[in-house]
J.: 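Got a structure here, written out as structure tokens. Questions coming.
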Amino acid sequence: MDTDVVAAERLLPDLVDPAAFHVQQAIEKALKAAIVLDGHEPPKIHDLNRRRAAVKGRLAWGETDAWLAQKTEWNAATRYRLTDMSEKP
């Protein structure tokens, strides 16, 4: 199991900010792996929608653009302490 998923599970419900960061990282790494398996160099970005666009049509993904955008926001918010994720829905 991915260490980011394990970390997020262990941090919740007490430490929401670091858990949110680890959730975003797990998604980013999964998309990066799909890009590499498709024979391409993954872009050096944290935007999950842009990463997904690199494999769209070749990856079964049920989540919406808004859902991925929220997780992208979690990366910046928790990394740079822009907000307290425990206050987010």
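Excluded from the calculations below are hydrogen atoms, water molecules and symmetry mates; all remaining heavy atoms, backbone and side chain alike, are included. Just so you know, these numbers come straight off a predicted model, no measurement behind them.
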J.: Does Ile27 reach the side chain of Leu68, with side-chain heavy atoms less than 4.5 Å apart?
T.: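 Side chain of Ile27 against side chain of Leu68, heavy atoms only: contact under 4.5 Å found.
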J.: Please identify each residue that fulfils side chain to side chain donor-acceptor pair (under 3.5 Å) with Lys32, with sequence neighbours left out.
T.: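 Not a single residue meets the side chain to side chain donor-acceptor pair (under 3.5 Å) criterion with Lys32.
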J.: Can you tell me how far CD of Gln24 sits from CD of Gln70, rounded to the nearest 0.5 angstrom?
T.: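 Spacing of CD (Gln70) from CD (Gln24) equals 11.5 Å.
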J.: With a 4.5 Å cut-off on side-chain heavy atoms, are Ile35 and Pro43 touching?
T.: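 Yes, their side chains come closer than 4.5 Å.
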J.: How many angstroms lie between CG in Leu12 and CZ in Arg10, if you round to the nearest 0.5 Å?
T.: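 Reported value, rounded in 0.5 Å steps: 12.5 Å.
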J.: In the hydrophobic cluster built from side-chain contacts under 4.5 Å, what are the other members alongside Leu15?
T.: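 Reading the cluster by chain and number, Leu15 sits alongside Leu11.
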J.: Name all residues meeting the side-chain contact (heavy atoms from CB on, under 4.5 Å) criterion together with Ala26; count only those two or more places apart in sequence or in a different chain, and write none if there are none.
T.: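 Once residues adjacent in sequence are excluded, the partners of Ala26 under the side-chain contact (heavy atoms from CB on, under 4.5 Å) criterion are Asp2, Asp4, Val5.
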J.: Establish whether Leu48 and Phe21 are linked, either directly or via other cluster members, by ILVMFWY side-chain heavy-atom contacts under 4.5 Å.
T.: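 Unlinked, Leu48 and Phe21 end up in two clusters.
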J.: Listed by chain and number, what are the side-chain contact (heavy atoms from CB on, under 4.5 Å) partners of Ala8, not counting sequence neighbours?
T.: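 Ala8 satisfies side-chain contact (heavy atoms from CB on, under 4.5 Å) with Ala19, His22, Val23 once adjacent residues are dropped.
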J.: Rounded to the nearest 0.5 Å, what's the gap from NZ on Lys29 to OG1 on Thr3? Could you check?
T.: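 Taking NZ in Lys29 and OG1 in Thr3, the distance rounds to 5.0 Å.
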J.: Holding to salt bridge (Lys or Arg N to Asp or Glu O under 4.0 Å), I want the full list of residues that pass it with Asp38, two or more places apart in sequence or in another chain.
T.: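 With neighbours one apart ignored, the set is Arg58.
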J.: Using side-chain contact (heavy atoms from CB on, under 4.5 Å) as the criterion, list what pairs up with Arg50, not counting sequence neighbours.
T.: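 Result, side-chain contact (heavy atoms from CB on, under 4.5 Å) vs Arg50: Ile45, Asp47.
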